[in-house]
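Reading through the C-alpha cells given below for one structure.
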Amino acid sequence: MLSCDRSRNLFEDRVDAPSAAESLAPGAMLLRGFALSAAPLLLQVLEPVVAAAPYRHMVTPGGFRMSVAMSNCGTAGWVTDRSGYHYDACDPLSAKPWPAMPACFAGLATAAAAEAGFAAFAPDACLINCYEPGARMSLHQDKNERDFDAPIVSVSLGLPAVFLFGGMNRSDRAARLPLAHCDVVVWGGPARLRFHGVMPLKDGDHVTLGRQRVNLTFRKAL
Ligand code: SIN
Ligand code: FE2
C-alpha cells in the first residue's frame with residue numbers, strides 16, 4: 001500500500017520536474033498537472049473522509065441551495081446556512097469534529113504553495129467540493145479566514161471545468177481558465193482576495209471519477 005511518506009517523495013519529484021507553472025497575476029499561479037503523481041493516494045484517502053462527513057448541499061444565507069455538494073476535513077470546516085458563512089470545528093450534520101486532514105493532502109498543498117512562491121503554507125482547513133454536471137460556483141472571494149497572509153491552494157480532480165479568475169471587484173472581467181484533472185491553482189499575496197468561480201460543469205465521463213469533478217480547496221482558516 002502507498003504511504004503518505006512515499007507520496008511526499010512523489011511531490012518532491014514533481015517540484016524538481018520541469019515546471020509547467022503559468023503566472024495568472026501577481027501572486028497567482030496555475031500549476032498544470034501538479035497533483036498527477038499524488039492523485040491515486042489523494043482519491044484513496046478521500047474515501048473514508050467523505051464516508052465520515054458525507055457531501056451535502058448547503059444553503060446560502062439568502063436561502064439558496066448550493067449546486068455544489070460539499071464536505072470538509074481539517075481542524076476547521078467551511079459551512080454556510082441561513083445564519084451566514086463561517087468556519088466550524090464540527091460538522092453540523094454529525095455534531096462531531098470534521099475528519100482530520102490526511103497528511104498527504106496537507107503535503108501536496110504545502111508543496112504546491114511553495115512552488116508558487118509561498119513558503120511554509122500550513123493549511124488547517126480543506127473544503128471538498130463535489131460538482132456534478134450543471135453544478136457551478138458563482139464569483140466570490142474567500143474571505144472568511146481569520147487573516148489573508150496565507151494563500152489559497154485549489155486542487156482539481158476528475159472532469160474538466162472552466163475556472164473563472166477575476167479581479168478585486170466582482171464586476172472586473174474574469175479570465176476563463178480550463179482546469180483539468182490534477183491541475184492546481186494557488187493565489188495569495190496581492191491576489192489573495194481576487195474573485196473566482198466555476199462555470200457550470202459540462203457532462204462527461206472521467207476515467208477514475210466518472211461524472212464528477214472534485215475540488216480540494218486548502219486554506220489557513222484559524
Ligand atoms: C472554491 O472557490 O471554493 C472552489 C473553486 C473550484 O471548485 O475550482
Ligand atoms: Fe473560493
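Numbers here are sequence positions counted from 1. Read the numbers this way: they start at 1 and go in the same order the structure lists the ligands and their atoms. Just so you know, these numbers use all the heavy atoms, side chains as well, and skip hydrogens, waters and symmetry mates.
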I'd like to know if D91 and K96 make a salt bridge, using a cut-off of under 4.0 Å between side-chain N and carboxylate O.
no
Heavy atoms only, cut-off 4.0 Å: how does R136 contact ligand 1, side chain, backbone, both, or neither?
neither
May I ask you to list the atoms of ligand 1 that are less than 4.0 angstrom from any heavy atom of R219?
3 (O)
Numbered atoms and elements of ligand 1 in range of N129, under 4.0 angstrom, heavy atoms
1 (C), 3 (O), 4 (C)
Protein contact of atom 8 (O) of ligand 1 - nearest heavy atom, named by residue and atom, plus distance
R213 NH2, 2.8 Å
Between H196 and ligand 1, is there a nitrogen or oxygen pair with a distance under 3.5 Å?
yes
Report yes or no: is the cationic atom of R213 (NZ for Lys, CZ for Arg) under 6.0 Å from the centre of the six-membered ring of Y131, at an angle within 45° of the ring normal?
yes
Evaluation steps, side chain to side chain donor-acceptor pair (under 3.5 Å), between H140 and D142
CA-CA 7 Å; H140 65 279; D142 290 355; 3.1 Å; yes
When you measure from atom 1 (C) of ligand 1 to every protein heavy atom, which one gives the shortest distance, and what is it?
M137 SD, 3.5 Å
Could you identify the single nearest non-hydrogen protein atom to atom 7 (O) of ligand 1 and state the distance to 0.1 Å?
Y131 OH, 2.4 Å
Given the rule that I, L, V, M, F, W and Y join up when any side-chain heavy atoms are under 4.5 Å apart, are L30 and V214 in one cluster?
no
Could you check, using the six-membered ring where one of them is a Trp, whether F195 and W187 have ring centers closer than 6.0 angstrom?
no
When the ring planes of W78 and Y85 are compared, do they come out parallel, tilted or perpendicular, using 30° and 60° as the limits?
parallel
Looking at the Fe ion (ligand 2), which N/O/S atom of D142 is the nearest one?
OD1
Do T208 and P40 make a side-chain contact, defined as non-hydrogen atoms from C-beta onward lying under 4.5 Å apart?
no
Which atoms of ligand 1 sit under 4.0 Å from any heavy atom of F163?
8 (O)
So the angle subtended at the Fe ion (ligand 2) by H196 atom NE2 and H140 atom NE2, rounded to 10 degrees, is 90°
